[in-house]
Structure formats: structure tokens, C-alpha cells
*Asks:* 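Mind looking over this structure? Questions follow.
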Amino acid sequence: MKFISDIIKSKDITVSFEIFPPKLDAPLGPVMDTAKELSKYNPDFISVTYGAGGGTSANTVKIASFVENELNTTALSHLTCVSSTKEEIAKVIEELKANQIYNVLALRGDLPSDGNFPNPGHYKYAYQLVEELKKSGDFCIGAACYPEGHPESHSKSEDIENLKRKVECGCDFLITQLFFDNSVLYGFLYNLLSKGIEIPVMAGIMPVTNAKQIKRMTKLSGASLNSELNILIDKFGDKPEAMKQAGIAYAVNQIIDLIANGVKGIHIYTMNKPDIAEEIMRSISSIIKG
Ligand code: FAD
């Protein structure tokens, strides 16, 4: 099955992984090895992130192509638009087609620190990229959503109105920003349904295995740490192995609660660490059989 939308229809529960390309001058071998390891756990797809400023973007299609064509695992190629011209995006879309990549996560990317749009007259928001992909080929299109609201938006309801417009441009599914409190996701899903957003939503799960890294990630993403996780970080943050074990256990509990409450898609931010994905998959192996 080439489209993620078809995979979702055929399964009770999907589990997928996210990986990121190395810095531009670093070799691709290690991330290819990571993808190979991850593919052994039979994920429903592996997504490959895209460097917003063009930094690691050149490698995204190469890695996604390796996943799709060499590992025979469905690839989801991320693509951001705000720092590109329309001509540059058209070129990447042609590369995706040439590499038989059928699934794209259409993203805006973060604005530069001055908050200005870098390419006036080109892309401002992800919905424009969704429109472009829709008319450029036969793609299954995913997009991002934010259970706690996108950091730039003035209110959660305004963010959901913008999300609705993006979905109506042709999104097939959504993946959430990381979150640590499942009740926040349940409230968000309720709000989506009440606004008529009915496409599948996959829950983005970040195992907290490194205290410093998670503080940086939460600052960047706007996701908040809850008291339960803060206690774990206070207690184990300076003991790397203990933090890893506690973080994996927290992620596993989060996933089990989500599935028990009817969430059907789990997307794991692996941070290119197959051993963490392996432990999570072992702990949920019977649960995800449906
Ligand atoms: P949009 O949907 O365009 O929304 C951005 C902001 O604009 C929101 O506040 C929204 O409410 C507002 N908005 C939307 N439409 C309108 C409108 N018509 N008028 C006014 N306001 C509007 N970044 C990367 O660089 N590379 C990646 O690979 C990557 N992968 C990601 C994967 C996931 C699952 C997630 C959740 C995020 C990812 N990001 C990635 C981060 C993402 O690029 C940033 O969060 C970015 O700031 C917003 O992208 P978006 O696609 O959600 O933008």
C-alpha cells in the first residue's frame, strides 16, 4: 500500500517513527543504519524531517527514498515551505515524484528570529503548500497540529480555525506536536471534532530520555512539561541511564493510555535512537495488535 491514508484505513492502530537527517556535511550512513534498525520493528511508516532553512533539506528526499525503495517501508517525507521560493518547492516536488515518494508532511517551518516572512510573495502558511502538492501530483498529504496551540497563535480556537482551513485544502491526516499530558490531547481531539475536523490524528510521542534535551525541545515547541514528568526529571535528570528508563516507562504509559482511550495512531519521535524505539515496541507489542 503506498498511501498512508490507505494504511490507516486497513489497520486498527498504526505506529510510526520519525528520524532526522544529519547536518549537511555529515555522512548519511549512520541515519541510514538507524532507518534500517527501525524498519525491523515493522512500523507503518517512517517520517524524515526537513531542515527549514535548507540546511539538511537536501538529504531528506535521499533518506526518504532509501526508506521507501531500499527498506520497503512506507516513507513520509517532511517538506517546509516558508524559507523557499515557489520554484525551489516545485523542484523538491519533482524530486519526490522521481523517487516514488507518495506521502508528504506539508509544513510551513519556523519563521526566522525577527518574525518576518523571509520570501514575500511566496509561501506564508502550510495550507499554501498543501494546495501546491494537491495540484502537483498524486500525493497523500499530512500536516502538523498543536494540542496546546501553535506558539504564534493568539488562542487555541484561532489555531483550530486555521487548522480547519489547512485540512480543507486537502490534508489526509494530521500528526500532533509532542505533548505529555494526555488529557490535553483528549480536549484537543474533542475540539477538532466539534469544529468538523474528522481526518485521522496521530499522537506525537517524545520519550524523555535526556533532561537537557527535553528542556530545549519544550522551549522550541511550546509544549509544557507536567508535574509528573518534572518530578522524574528532578529525581533522575543527572543520572542518564535512570532518566532513560524512567522516560521510556513514561512514554509507554502515555501510549497505553492513548490506545485504551481510542487513539488509533502513535507517532514516535525516536531522536534517531533505535534502542529506545525497540524498548517501547517490546512493551506495547500485544497492545498494538488491536
Ligand atoms: P501553519 O499550519 O502554517 O501554521 C503556522 C501558524 O500560522 C499557526 O500559528 C497558525 O495558527 C497560523 N496560521 C495558519 N494559517 C493561517 C492563515 N491563513 N492566516 C493567519 N494565520 C495562519 N519544522 C521543520 O523545520 N522541519 C520539519 O521536518 C518539521 N516537522 C514537524 C513535524 C510535526 C509533526 C510538527 C508538529 C512540527 C514540525 N515542524 C517541523 C515544526 C513546524 O514547521 C513549526 O511548528 C512551524 O512554526 C509551523 O508549521 P505548520 O506547518 O504547523 O504551519
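When a ligand or atom number is given, it counts from 1 through the structure's own listing order. Side chains included, hydrogens not; waters and symmetry mates left out as well; all remaining heavy atoms used.
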*Asks:* For Phe17 and Tyr41, take the angle between the two ring planes, folded into 0 to 90°, and tell me which bin it lands in: parallel under 30, tilted 30 to 60, perpendicular over 60.
*Replies:* perpendicular
*Asks:* Can you find a heavy atom in the side chain of Thr85 that is under 4.5 Å from one in the side chain of Ile89?
*Replies:* no
*Asks:* Does NZ in Lys215 sit with more than 12 non-hydrogen atoms of other residues, nucleotides or ligands closer than 6.0 Å?
*Replies:* no
*Asks:* Examine the proximity of ligand 1 to His78 and report which part, side chain or backbone, both or neither, has a heavy atom under 4.0 Å away.
*Replies:* side chain
*Asks:* Nearest heavy atom to atom 13 (N) of ligand 1: which of Asn162, Ile160, Leu79 does it belong to?
*Replies:* Asn162
*Asks:* For Gly109, is the nearest heavy atom under 4.0 Å from an atom of ligand 1?
*Replies:* yes
*Asks:* Cation-pi check, Lys166 to Tyr127: give yes when NZ or CZ is under 6.0 Å from the six-membered ring centre and within 45° of the ring axis, no otherwise.
*Replies:* no
*Asks:* Are Tyr50 and Phe20 side-chain neighbours, meaning at least one heavy-atom pair lies under 4.5 Å?
*Replies:* no
*Asks:* What residue among Ile13, Ile266, Val252 forms side chain to side chain contact (heavy atoms under 4.5 Å, CB included) with Ile284?
*Replies:* Val252
*Asks:* Taking only heavy atoms of Gln177 into account, list the atoms of ligand 1 that are under 4.0 Å away from them.
*Replies:* 36 (C)
*Asks:* Please compare Tyr123, Tyr50, Phe20 and report which has the shortest non-hydrogen distance to atom 27 (C) of ligand 1.
*Replies:* Tyr50
*Asks:* If we set the cut-off at 4.0 Å for heavy atoms, which region of Lys166 has an atom near ligand 1: side chain, backbone, both, or neither?
*Replies:* side chain
*Asks:* Below 4.5 Å, heavy atoms only, C-beta onward: do Ile233 and Met243 meet side chain to side chain?
*Replies:* yes
*Asks:* For ligand 1, which is the ligand I care about here, please tell me if Leu105 has any N or O atom under 3.5 Å from one of the ligand's N or O atoms.
*Replies:* no
*Asks:* Side chain or backbone, does Tyr269 bring an N or O within less than 3.5 Å of an N or O on ligand 1?
*Replies:* no
*Asks:* Do you know which two heavy atoms are closest between Ser16 and Pro43, and how far apart they sit?
*Replies:* CA-CB, 4.3 Å
*Asks:* Tell me, please: is Tyr146 in heavy-atom contact with ligand 1, that is, under 4.0 Å?
*Replies:* yes
*Asks:* Identify, by atom number and element, the atoms of ligand 1 in contact range of Arg165, meaning under 4.0 Å from any of its heavy atoms.
*Replies:* 17 (C), 18 (N)
*Asks:* Quick check on Lys2: does its NZ atom have over 12 non-hydrogen neighbours (other residues, nucleotides or ligands) under 6.0 Å away?
*Replies:* yes
*Asks:* As an exercise, identify every atom of ligand 1 less than 4.0 angstrom from a heavy atom of Thr49.
*Replies:* 28 (O)
*Asks:* Can you list the atoms of ligand 1 that are under 4.0 Å from a heavy atom of Asp159?
*Replies:* 8 (C), 9 (O), 10 (C), 11 (O)
*Asks:* With heavy-atom distances below 4.0 Å as the criterion, list the atoms of ligand 1 near Tyr127.
*Replies:* 18 (N)
*Asks:* If the cut-off is 4.0 Å to any non-hydrogen atom of Ala126, which atoms of ligand 1 fall inside it?
*Replies:* 1 (P), 2 (O), 3 (O), 51 (O), 53 (O)
*Asks:* Polar contacts were defined as any N/O atom of the residue lying under 3.5 Å from an N/O atom of the ligand; does this apply to Thr80 and ligand 1?
*Replies:* no
*Asks:* I want to check something: taking the side chain as every heavy atom from C-beta on, are Ile231 and Phe236 in contact at a cut-off of under 4.5 Å?
*Replies:* no
*Asks:* Evaluating non-hydrogen atoms only, which member of Glu18, Lys124, Arg108 is closest to atom 51 (O) of ligand 1?
*Replies:* Arg108
*Asks:* Other residues, nucleotides and ligands only: do more than 12 of their heavy atoms fall within 6.0 Å of NZ on Lys239?
*Replies:* yes
*Asks:* Does Ile175, backbone or side chain, put an N or O under 3.5 Å from an N or O of ligand 1?
*Replies:* no
*Asks:* Given Asp110, Leu111, Val82, Val130, which one has a non-hydrogen atom that is nearest to atom 44 (C) of ligand 1?
*Replies:* Asp110
*Asks:* Can you tell which of Val48, Leu107, Leu178 gets a heavy atom nearest to atom 29 (C) of ligand 1?
*Replies:* Leu107
*Asks:* Does atom CD of Gln245 have more than 12 heavy-atom neighbours, drawn from other residues, nucleotides or ligands, at distances under 6.0 Å?
*Replies:* no
